[in-house]
Amino acid sequence: MIRRTVAAAAAALTAVAMVFLPVAPAAAAPANSDEVYAALGVNKVAADYVVMVDVSRSMRDGGRYEQVRRALRSFLAALAPDDRVALVTFADSARVVHDGPVGRAPDQLVAKLPRSADGRYTDIGAAIETSLRLLAREGVPPIATVVLLTDGRHDPPVGSAYPFEQGYAWNELVRSGRSLKKTSLTAYAVPLTGSTGAPLLARVYPGAKLLAPTSIDRLGDQLEQPKASARAAKARSVLGDDVSHGVQVVWPAGAGRLGAGRTRLEVRLRSTTTKVPLVVDHLLVRSDRPDVRLSVPGGPVELPAGGTATVPVTVDWDAGPRRVAPLARVTADATLTLDGEVGSAWAEVLTDELGVDFAPRLDGGPTRGALSAQRGSIGWWYLGAALLTAMAVAGWWGRGRRRHPALAGTLRLRDASGGERDLALSGRRTAITADSTGLPGYGEVTAHRPSVGASEVRLVIGYSRDGSVAEREVGTCGPGETVELGGVDFTWRTATPAAAAAKSSLIGPSR
């Protein structure tokens, strides 16, 4: 029972950890060529195909011509509907049987070929001349592929412009071939027997590939090469210079102002490609100062073409101990650098199949940061100043209390008529009012020492008969002494109030 409970708790904790702990994203698996071509939309890019088919009598042998028709049907079916294709038959002469979009019905194109091969001659020169004319026409796609299918040597009829395999006419063909302006031009000569005139194609189209002689039943496999080459050319045309772009590192504004302790920066990675998805792996962040430590989460960061991603970078700066000076500040400069390896799930297709140089970079990795931290002990200085102020206030307050002690005893007042009254003294200030003494006007009584350490205490009495400050008379009176103010005699009796009351009862009431 306990074991099951522990296992359940562990499973629950694992589930919670999986929810709250960040998990590094896994890098995308390498893409295949079909995925790359689909993403680039190569089927929307038109290409130009010129296919020259030998229709001489020798093509009847072994059912060669029928095999060619079947192979062309598969070849045409695999092309994009917007691709243009020109079908050229040649024997005694060269004839264009179709020139237009491939469309979605390859059988209709194959049906335009002769039902049987009946030509008596094999004029390869005339076929190549026709292909050059077709490639030079206006409005055709700049990506072109030429395919020559023949089982014989160059054997022109009488009157052909190419009676031999060399001469002025062939030199003109070479000049025309080299003057073609194409983004991509590839040519394939497909010999259907061991000895043919297929190599003549390479004389006119530089770089033309002569495929190895093969059995007619493998012709479909041979035609895969020009088709794949055309697709690759389309892909390269769509990519343009996109493969030379990479990832831009954008540091936040906060990187230029760093304080002591820990700072979290949100660094942005921005893809500068428009077609190729990128991935940044093995991220490493560092500083040129040993007291500045940086860290970044591990794992690859995937970026769609033109997309961005945010990478959290943690900066820890040890600004040193506190200083005595209240406003001491530590400042410094630090270079922060973010490095990483940039790749793509398309990398193998781009380099191996498309043959492009693909080496994306991580640009903008370093940035300059300004370090600033308050290291003075101004808080302690504030505390010390507060304590000193409190002590000064306490001293001033205590000094005031010592200079002005509490009142004690009674004050006997005798007016001009001889009437006497006693005023009990208490606190640090006693008021002389009509209610407390029966005298008109107003006055106040306080105690005063000449100095802080003096033992002598004197009363300071201020009194005016009309109660105004302007008419108030002020005098001092020591113990047992009498002072006359405003026509009233004031005598300080230092006996306790109880003793004064007892004595007053013996004297009798004042009159």
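One-based numbering along the sequence shown.
No side-chain N or O of Tyr205 forms a donor-acceptor pair with one of Thr186 less than 3.5 Å apart. Side-chain N/O atoms of Tyr121 and Ser93 include no donor and acceptor closer than 3.5 Å. No hydrogens or angles considered: nothing links the side chains of Thr314 and Arg262 as a donor-acceptor pair under 3.5 Å. In summary, the side chains of Arg60 and Ser116 do not present any donor paired with an acceptor at a separation below 3.5 Å, with no hydrogens or angles considered. When only modelled atom types and interatomic distance are considered, Thr274 and Asp242 share a side-chain donor-acceptor pair under 3.5 Å.
Lys209 NZ: 12 or fewer foreign heavy atoms inside a 6.0 Å radius. Under a cut-off of 6.0 angstrom, the local environment of CZ in Arg73 is sparse, with at most 12 non-hydrogen atoms contributed by other residues, nucleotides or ligands. Other residues, nucleotides and ligands contribute more than 12 heavy atoms inside 6.0 Å of the CD atom of Gln248. Within a 6.0 Å radius of CZ in Arg120, no more than 12 heavy atoms belonging to other residues, nucleotides or ligands are found. By the neighbour-count criterion of 12 heavy atoms within 6.0 Å, atom CG of Asp34 is densely surrounded, having more than that number from other residues, nucleotides or ligands. Residue-environment remark: CD (Gln108) stays at or below the threshold of 12 foreign heavy atoms within 6.0 Å.
Taking both residues in full, the closest heavy atoms of Asp54 and Gly152 are given as OD2-N, 4.0 Å, listed atom of the first, atom of the second, then distance. Taking each heavy atom of Gln225 and Tyr188 in turn, the nearest pair found is O-OH, 3.7 Å. In this structure, Leu113 and Val97 approach most closely via the heavy-atom pair CD2-CG2, 4.2 Å. For the residue pair Phe358 and Gly343, the shortest heavy atom distance occurs at CE2-C, 4.5 Å. The two residues Pro300 and Val279 come nearest to each other via the heavy atoms CB-CG2, 3.7 Å. Between Ser287 and Leu294, the shortest heavy-atom contact is CB-CD1, 3.1 Å.
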| task | Determine, step by step, whether Phe90 and Thr150 satisfy the side-chain contact (heavy atoms from CB on, under 4.5 Å) criterion, reporting the C-alpha distance in whole Å, the side-chain angles of both residues, the deciding distance to 0.1 Å, and the verdict. | result | CA-CA 9 Å; Phe90 65 95; Thr150 184; 4.0 Å; yes

| Could you go step by step and tell me if Leu148 and Val190 meet the side-chain contact (heavy atoms from CB on, under 4.5 Å) rule? | CA-CA 6 Å; Leu148 173 65; Val190 185; over 6 Å; no

| task | May I have the step-by-step check of side-chain contact (heavy atoms from CB on, under 4.5 Å) for Ser195 and Arg153, ending in yes or no? | result | CA-CA 7 Å; Ser195 178; Arg153 301 191 62 83; 3.3 Å; yes

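A salt bridge does not link Arg64 with Glu66: every distance from a Lys NZ or Arg NE/NH1/NH2 to an Asp or Glu carboxylate oxygen is 4.0 Å or more. Under 4.0 Å is where a charged nitrogen must lie from a carboxylate oxygen, and between Asp82 and Lys44 no such pair does. A salt bridge links Asp83 with Lys234: the distance from a Lys NZ or Arg NE/NH1/NH2 to an Asp or Glu carboxylate oxygen falls below 4.0 Å.
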